[in-house]
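Predicted model only: the values in this text are computed from it and were never measured.
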Amino acid sequence: MDGNEGNHGLAQKYYAHSYRLANEAGDAELSATALRGMAVQAIDLGHRAAAVRLSERCVHHARNLDNPRAIAYYQTTLATAAALDSDRRTATASLAAAQTAVERSPAQAGESWAAHYSPGRWAHEAGTILARLGDLEAAEEHLGHALGIHGLDRRRSRAIVLADLGEVRLKRGDVAAALSTWNEFADCADGIRSVKVADAAQEMRARLDRLQGIDGVEALQNRVTALRTI
């Protein structure tokens, strides 16, 4: 077992223990949050069936909550798992439910476990889900919206969205727009200590390798390679 698998295993034990305690206490939101944590671990590991099962249980626990942010948080997790499992129907339905909840969410975050789940974060996740489902036009729209929403001003958050947006634009065949977006990523990401940002830079370098000979690619490769992200 490598270090990453060991960390995931430890996290699974933590979330499972949290779920048992919350379930015994009758705390529906904490139970759902713990199940969501386990679902995200399964998503990260590519365990598709387990991710869907855990996400569905999460949404079930949250069914009676009067907290739009929490509903959006959990429904988006289910949409992510379903998209990973190529279940377009479930992914689309859950994403629609999440959008309805986000649009109902109050401006004040509150103090729930899902208080941090902002419209900007939802728009980012929705964009990545739509990209996985192959709806690249809608994905680009959502990712662009995420960048424009107040509250998504942390450099780390913006860098990750820019990385995803550039990838979507590349898949749509707009190489110039992709390179421009990834140059924005390089402006934003340098000096950020983040595994996710480092992973995005590595993925970007692999995609740029396939674009050799296109004006601006070599310069961008050098910028991305020189980034200080870990």
J.: Please say whether more than 12 non-hydrogen atoms of neighbouring residues, nucleotides or ligands are located less than 6.0 Å from CZ in Arg63.
T.: yes

J.: Are Leu147 and Met204 joined in one hydrophobic group, where the rule is that I, L, V, M, F, W and Y side chains link up if heavy atoms are under 4.5 Å apart?
T.: yes

J.: Looking only at non-hydrogen atoms, find the nearest pair between Arg69 and Ala115 and report the distance.
T.: NH1-O, 2.8 Å

J.: Please report the closest heavy-atom contact between Tyr73 and Ala114, naming both atoms and the distance.
T.: CD2-CB, 3.7 Å

J.: If we ignore hydrogens and angles and just use 3.5 Å, is the side chain of Thr80 paired with the main-chain N or O of Thr76 as donor and acceptor?
T.: yes

J.: I need the full list of salt bridge (Lys or Arg N to Asp or Glu O under 4.0 Å) pairs touching residues 211-227, with sequence neighbours left out, sorted by first then second residue.
T.: Asp187-Arg223

J.: Quick one: which of Val217, Asn222, Val224 gives a side-chain contact (heavy atoms from CB on, under 4.5 Å) with Leu220?
T.: Val224

J.: Please name the pair of heavy atoms, one in Ala39 and one in Ser55, separated by the smallest distance, quoted to 0.1 Å.
T.: CB-OG, 3.4 Å

J.: Which atom names give the shortest non-hydrogen contact between Arg169 and Ala177, and what distance separates them?
T.: CD-CB, 3.9 Å

J.: Shortest non-hydrogen contact from Thr181 to Gly166?
T.: CG2-N, 3.6 Å

J.: Any chance you could measure Glu103, atom CD, to Gln99, atom CD, to the nearest 0.5 Å?
T.: 4.5 Å

J.: So which atom in Ser31 and which in His61 form the shortest heavy-atom distance, rounded to 0.1 Å?
T.: CB-ND1, 3.7 Å

